[in-house]
A.B. asks: 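Take this structure, written in C-alpha cells, and hold onto it; I'll ask about it next.
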Amino acid sequence: INAWILVPLDIAMALLIMKMAAFGPMKENVAKQYAIFSNKHTWAMTALYVVTFGSFIGFSLALPLSITVIFGEKHLLDAATGVWSHVKNPAAPSALTYAWIGPFVGAATRPLGGWIADKLGGSIVTQWVSAVMAVGSVATGYTMYLAYHSATPEAYFLAFMLLFTLLFAASGIGNGSTFRSVGYIFNRDQAGPVLGWTSAVAAYGSFVAPTMIGGQIKAGTPENAMYGFAVFYAVCLVINWWFYLRKNAYVQNP
C-alpha cells in the first residue's frame, strides 16, 4: 500500500524541487516546460500513454508471474469442504521459455503503429487499440479464471498466451500511435516535455500491473485484475473519443 502513495509522491516532490531549484536562465526554461501541466491535453495523453506504454511495461513483468503461479500449480477443489488446494503441476509450462514472446511482439509492433498512424491518424489507431485491449483483457481474465480453477491449467495455456500476445501487440501499436499524436497535438516547445512526462508516468505501470495481478492471484481471483484493466481501457477509449474524435473535439486528430 505504501508504494501506491510513495511513488506518486516521489514524482510530485521531484517536480517541485526542480522548479524551486531553478534560477537565472534555467528558471525561464523550466517555467516553459512546466506550462504543460496547465494544458488539458497533457492529462488526456498521459492516460492514453498509460494504456499503451504503461501496459507494455507492466505486462512484461506480470506475464512471467502469471505463467509461474497460475500454470505452475494444479488447482484442486475439495468437493466436501469447497476449499481449493494448489499443488505443483508437473506439466507446467516454463516462464523462461514463453515470457519473452509478449515483450518481443510489443516492441516489434511499435514502428508499425507509428506507420499506420501516419496513414490513418493517431487517435483513430489509439481508439481501436483501446477497444482491442479492453475486450482482450476481459478474455484474458476469463482464461486466467478457468486455468486457476482447473486440475489441468496447462490446457488453457495456449489461449492465455495468444490473448496476452494480442495485448502486447495492441500496446505496441498504440505506443506508436500515441507518440505520433503528441507531435500533432502539441507545439514544438511542449511536445518534448509532454513525452518525457507521459513516459515517466506510464513507467509506473511496471509497479501497477504486477502488483495488481500478484495481489489478485494471492486472493484467488486473478481475473479481477484483468477486468479492472479492461474498465480503465474503456474509460480511456471515451477520453480519446471526447478529446480527439468526436464532431466538436478539442483537436481533430484522425
A.B. asks: Quick one: do Leu245 and Leu120 end up in the same hydrophobic cluster if we chain Ile, Leu, Val, Met, Phe, Trp and Tyr together by side-chain heavy atoms under 4.5 Å apart?
C.D. replies: yes
A.B. asks: With Phe160, which of Tyr142, Phe71, Tyr98 fulfils ring pair (Phe, Tyr, Trp, His ring centres under 6.0 Å)?
C.D. replies: Phe71
A.B. asks: Are Tyr233 and Ser55 close enough that a side-chain donor and a side-chain acceptor fall under 3.5 Å?
C.D. replies: yes
A.B. asks: Are Leu162 and Ile173 connected into the same hydrophobic cluster when the rule is that any two of I, L, V, M, F, W, Y join if their side-chain heavy atoms are below 4.5 Å apart?
C.D. replies: no
A.B. asks: Evaluate the criterion side chain to side chain contact (heavy atoms under 4.5 Å, CB included) for residue pair Lys88 and Lys74; output intermediate values, then yes/no.
C.D. replies: CA-CA 6 Å; Lys88 186 175 181 180; Lys74 289 185 175 184; over 6 Å; no
A.B. asks: Just do the side chain to side chain contact (heavy atoms under 4.5 Å, CB included) check on Ile213 and Ser66 with the steps written out, would you?
C.D. replies: CA-CA 8 Å; Ile213 291 178; Ser66 300; 3.5 Å; yes
A.B. asks: Within this structure, what is the CZ-CG distance for the pair Arg180 and Asp118, rounded to the nearest 0.5 Å?
C.D. replies: 6.0 Å
A.B. asks: Is there a path of hydrophobic side-chain contacts, each under 4.5 Å between heavy atoms, that joins Met161 and Phe168?
C.D. replies: yes
A.B. asks: For residues Asn224 and Tyr145, is any side-chain donor paired with an opposing acceptor at under 3.5 Å?
C.D. replies: no
A.B. asks: Hey, what's the ring geometry for Phe56 with Phe53, parallel, tilted or perpendicular (30° and 60° as the breaks)?
C.D. replies: parallel
A.B. asks: Linking I/L/V/M/F/W/Y whenever their side-chain heavy atoms sit closer than 4.5 Å, directly or via other members, would Met45 and Val238 fall into one cluster?
C.D. replies: no
A.B. asks: Go through the steps for Phe229 and Leu167 under the test side chain to side chain contact (heavy atoms under 4.5 Å, CB included), then give the verdict.
C.D. replies: CA-CA 11 Å; Phe229 295 142; Leu167 291 176; over 6 Å; no
A.B. asks: Using side-chain heavy atoms (C-beta onward) and a distance below 4.5 Å, is Ile36 in contact with His41?
C.D. replies: no
A.B. asks: Regarding Trp197 and Thr42, do their side chains bring together a donor and an acceptor under 3.5 Å, going by distance alone?
C.D. replies: no
A.B. asks: Step through the shown structure and confirm whether more than 12 heavy atoms of other residues, nucleotides or ligands are within 6.0 Å of CH2 on Trp43.
C.D. replies: yes
A.B. asks: Can you name the one residue among Thr46, Val125, Leu48 that meets side-chain contact (heavy atoms from CB on, under 4.5 Å) with Thr178?
C.D. replies: Leu48
A.B. asks: Once rounded to the nearest 0.5 Å, what's the spacing between atom OG1 of Thr109 and atom CZ of Phe104?
C.D. replies: 10.0 Å
A.B. asks: Nearest 0.5 Å please: distance from the OG1 atom of Thr165 over to the CG atom of Leu63.
C.D. replies: 7.5 Å
A.B. asks: Do we see a donor-acceptor contact under 3.5 Å between the side chains of Asn240 and Gln127?
C.D. replies: yes
A.B. asks: Within this structure, what is the CZ-OG distance for the pair Phe179 and Ser199, rounded to the nearest 0.5 Å?
C.D. replies: 8.0 Å
A.B. asks: Take Tyr148 and Thr221 through the side chain to side chain contact (heavy atoms under 4.5 Å, CB included) test and state the conclusion after the steps.
C.D. replies: CA-CA 8 Å; Tyr148 198 74; Thr221 54; over 6 Å; no
A.B. asks: To the nearest 0.5 Å, what is the distance between OG on Ser123 and OH on Tyr184?
C.D. replies: 9.0 Å
A.B. asks: Any side-chain donor paired with an acceptor under 3.5 Å for Thr126 and Ser177?
C.D. replies: yes
A.B. asks: Flag yes if Ile57 and Val201 sit in one hydrophobic cluster, no otherwise; membership is Ile, Leu, Val, Met, Phe, Trp, Tyr, and two members link when side-chain heavy atoms are under 4.5 Å apart.
C.D. replies: yes
A.B. asks: Any side-chain heavy-atom pair from Ser137 and Tyr227 closer than 4.5 angstrom?
C.D. replies: no
A.B. asks: Tyr250 vs Phe243 aromatic rings, parallel, tilted or perpendicular, using cut-offs 30° and 60°?
C.D. replies: tilted
A.B. asks: Does the side chain of Tyr49 reach to within under 4.5 Å of the side chain of Asn175, using non-hydrogen atoms?
C.D. replies: yes
A.B. asks: Can you tell me how far OG1 of Thr143 sits from OH of Tyr156, rounded to the nearest 0.5 angstrom?
C.D. replies: 9.0 Å
A.B. asks: Would a 4.5 Å heavy-atom cut-off, applied to side chains only, mark Val138 and Met226 as touching?
C.D. replies: no
